[in-house]
Amino acid sequence: MYVCGPTVYGHSHVGHAKSYVSFDLIVRYLRYSGCKVLYVQNITDVGHLTDDADEGEDKIEQRSKIDRLHPMQIAETYTRSYFEDMDALNVVRPDISPRATGHIIEQIELIKRLIERGFAYAVNGSVYFEVSRDKEYGKLSGRRTEELEPGTRVAPNPEKRHQNDFALWKRAGAGHLMQWPSPWGLGFPGWHVECSAMSMKYLGETFDIHGGGLDNQFPHHESEIAQSECATGKPFVKYWVHNNLVTVGNQKMGKSLGNVIILKDAFKSYSPLVVRFFILQSHYRSTLDFTTAALDGAAKGWEKLVNTVRNVGTELSKRNGHGDGAQPAPRQEPETLSESGLAKFRKKFLEAMDDDFNAPQAIAGLFDLSREMNNAMSQGAVPTETLREAAQLFSEFGGTILGILPRDDGRAASGNASLEAELIQLIIDLRRAAREEKLWSLSDKIRDGLSKLGIVLEDKKDGTVWKRAD
RNA sequence: GGCGCCGUACCCAAGUGGUAAGGGGAGGUCUGCAAAACCUUUAUGCGGCGGUUCGAAUCCGCCCGGCGCCUCCA
């Protein structure tokens, strides 16, 4: 599986988050289902121009001139930033993250093949793909080249035989920082060609799944198909998957509109897992409107789910007789679970996921399970076996597949954490003494004070429990 | 101009031929209070009008409203 990765000339925004969380879900679920997935996602560090019609500046070079840094420094900085954000979103890293600049040779080879087969032509040190030679051009996006209106928005490029032709290789102008020798002189690769070269290098000339944002369907993916199939004579990709876009106030989020939300900013107000949960609460093919009201709602819902998971884990560890934990129950074979009363939840979840990765419906099933467990626990004795099964389902579905559950509840292993837990327990005990003497203002003061430190107390019938505010 | 998507309760959002998931919000129960949890609630109704069908939110047609692509964008 190949997914179009980011062009690393700025920090990632919520659009990247929707895209890569969506494909992360697909990879996770395919692997869960037993498929062997080689996940390749490129890093575009050259060739992506600011302007249309193969004119304008390279985005990374432009950034490097503004910041007065080497282009590779720009690429490196934002590549790291990208992975940082994706890690926070609990996105599993691709198996291979090939850089365009690391595959100049492969791109040149592909261009040479296209020229040899008569699908491309060189002019003044640039090489263009001749769209009219490819009878199938437009088959992905349902477009016919005759219907496009060339030259309406940009001045025609006189080097092109036809204005729909797109650049495979561009002659480097004077002062162009990133350039490489080629059979056509010094230059740099076009944007589309990197994805063809790198995907075929690692996945073969025909591979199973190619993903990307809907906005890349045309012209990027269309051009990828043209280049690849004309060069190899074989089908390029079996399944195309396009995720829909993020809107802000029902308008497309875009640089030109100035409404781009950077992830690092979003994370100041919302935990990355809440952002992930929010994204997964709508289908990947639907647009997602990014509003604070919707995010706030998602945060509440997410906490509710996490609470139940925590409570099930706590209850289970009590039964097991040892201290803290929310440790997931030992993995069991599905066959064993299908005998249980919770089997219907497994079935519903998997059916939803099997139906075009319907995460919203799968999450709804998790909420149903949550209510069932809370109900059972509030009514008293729940069989340990049921608790274990519930913990297993949450861990498998909420954790392994959806990736929306925290890895631990913040009370895990380290020495400091255990000291902290003991101190908090001490405070809770002191507060209980105060409450027994009805010293309400003192006990509220303790609770408020802890709350400011991010520790939330809940007084239950059988004692006070604490958790971290998320 | 060409291609395409969407319109489901106060808000977000699944469902795409068999009788409206889930979350938020609101009200209630419990509690010293708070929190958590549970319960209840809101669409004979899915933008409007026709049509096909035993049956339509789901299919078809027209209309209204919103948006996207055709130009760099995830």
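Lettering of chains follows the sequences in order, A, B, ..., and the numbering in each one begins at 1. Quick caveat: nothing in here was measured; it's all calculated off a predicted structure.
Across rG1(B) and rU19(B), the matching P atoms stand 42 Å from one another, rounded to whole Å. Comparing the C1' positions of rU58(B) and rU8(B) gives an interatomic distance of 11 Å, to the nearest angstrom. Nucleotides rG22(B) and rC38(B), compared at atom P, are 13 Å apart to the nearest Å. Taking the C1' atoms as reference points, rA9(B) lies 10 Å from rC46(B), given to the whole Å. One P atom belongs to rU16(B), the other to rC59(B), and the distance between them is 10 Å to the nearest Å. Across rU53(B) and rG61(B), the matching C1' atoms stand 16 Å from one another, rounded to whole Å.
Nearest-nucleotide positions on RNA chain B place Gly301(A) closer to the 5' end than the other of Gly301(A) and Leu305(A). For Gly365(A) and Asp459(A), each mapped to the nucleotide of RNA chain B holding its nearest heavy atom, the one lying further toward the 5' end belongs to Gly365(A).
Across rG24(B), rA34(B), rA74(B), the shortest atom-to-atom separation from the side chain of Lys300(A) is found for rG24(B). In this structure, of rG32(B), rA74(B), rC39(B), it is rA74(B) that holds the atom nearest to the side chain of Leu245(A). Among rG24(B), rC70(B), rG32(B), the nucleotide with an atom closest to any side-chain atom of Trp440(A) is rG32(B). Distances from the side chain of Phe367(A) to the nucleotides rA37(B), rG23(B), rC67(B) place rG23(B) closest.
At a threshold of 4.0 angstrom between heavy atoms, the contacts of Lys438(A) with the nucleic acid are absent. Here Arg431(A) lies in heavy-atom contact (under 4.0 Å) with a base. Within 4.0 Å of Leu457(A), counting heavy atoms only, lies at least one base atom of the nucleic acid. No contact: Met377(A) has no heavy atom under 4.0 Å from any strand. Residue contacts for Lys18(A): at a heavy-atom cut-off of 4.0 Å it reaches no nucleic acid atom on any strand shown. Among the atoms of the strands shown, base atoms are found under 4.0 Å from some heavy atom of Val246(A). Using a 4.0 Å heavy-atom distance criterion, Gly297(A) is classed as a sugar-phosphate-only contact.
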(Q) One character per nucleotide, please: for nucleotides 4-21 of chain B, 5' to 3', B when the base has a protein heavy atom closer than 4.0 Å, S when only the sugar-phosphate does, - otherwise. (A) --------SSSS-----B

Q) What do the steps show when you test His192(A) against His221(A) for ring-ring contact (aromatic ring centres under 6.0 Å, His included), and what is the final call? A) CA-CA 8 Å; His192(A) 310 306; His221(A) 293 155; 9.3 Å; no

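rC72(B) atom P lies 20 Å from atom CZ of Arg63(A), rounded to whole Å. At whole-Å resolution of the value, CD1 in Ile60(A) and P in rC72(B) are 16 Å apart. Distance, Lys460(A) NZ to rA34(B) P: 17 Å, rounded to whole Å. With rounding to whole Å, Gln379(A) atom CD is found 17 Å from rC30(B) atom P. In this structure, CD of Gln251(A) is placed 15 Å from C1' of rG65(B), rounded to the nearest angstrom.
Not a single donor-acceptor pair under 3.5 Å links the side chain of Gln227(A) to the backbone N or O of Ser196(A). Of the possible polar contacts, none joining the Glu458(A) side chain to the Trp466(A) backbone as a donor-acceptor pair under 3.5 Å is found.
Residues Ile279(A) and Tyr20(A) have side chains not in contact (no heavy-atom distance under 4.5 Å, counting atoms from C-beta outward).
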Which atom pairs, donor and acceptor, lie under 3.5 Å between side-chain atoms of residues 359-371 of chain A and protein residues at least two apart or in another chain?
residue   : atom : partner   : partner atom : Å
Asp368(A) : OD2  : Lys348(A) : NZ           : 3.1
Ser370(A) : OG   : Thr308(A) : OG1          : 2.7

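For the pair Arg93(A) and Phe83(A), the cation-pi criterion (under 6.0 Å, within 45° of the ring axis) is fulfilled.
Remark: Asn243(A) is not in phosphate contact with rA74(B), judged by side-chain N or O atoms under 4.0 Å from OP1 or OP2. Side-chain nitrogen and oxygen atoms of Lys304(A) include at least one within less than 4.0 Å of the OP1 or OP2 phosphate oxygen of rG24(B).
Side-chain to base pairing of Asp215(A) with rC72(B): no donor and acceptor N or O lie closer than 3.5 Å to each other.
Taking a 6.0 Å sphere around NZ of Lys347(A), one finds it holds 12 or fewer heavy atoms contributed by other residues, nucleotides or ligands.
In this structure, Phe278(A) has its ring center under 6.0 Å from that of Phe290(A).
Base pairing of rA37(B) is made with rU29(B), judged by Watson-Crick or G-U wobble geometry with both donor-acceptor distances under 3.5 Å. Pairing for rC5(B) is with rG66(B), a Watson-Crick or G-U wobble pair whose two hydrogen-bonding atom distances lie under 3.5 Å.
The side-chain hydrogen bond (donor to acceptor under 3.5 Å, both in side chains) test with Ser19(A) singles out one residue from Asp24(A), Asn244(A), Asn243(A), Asn216(A), and that residue is Asn243(A).
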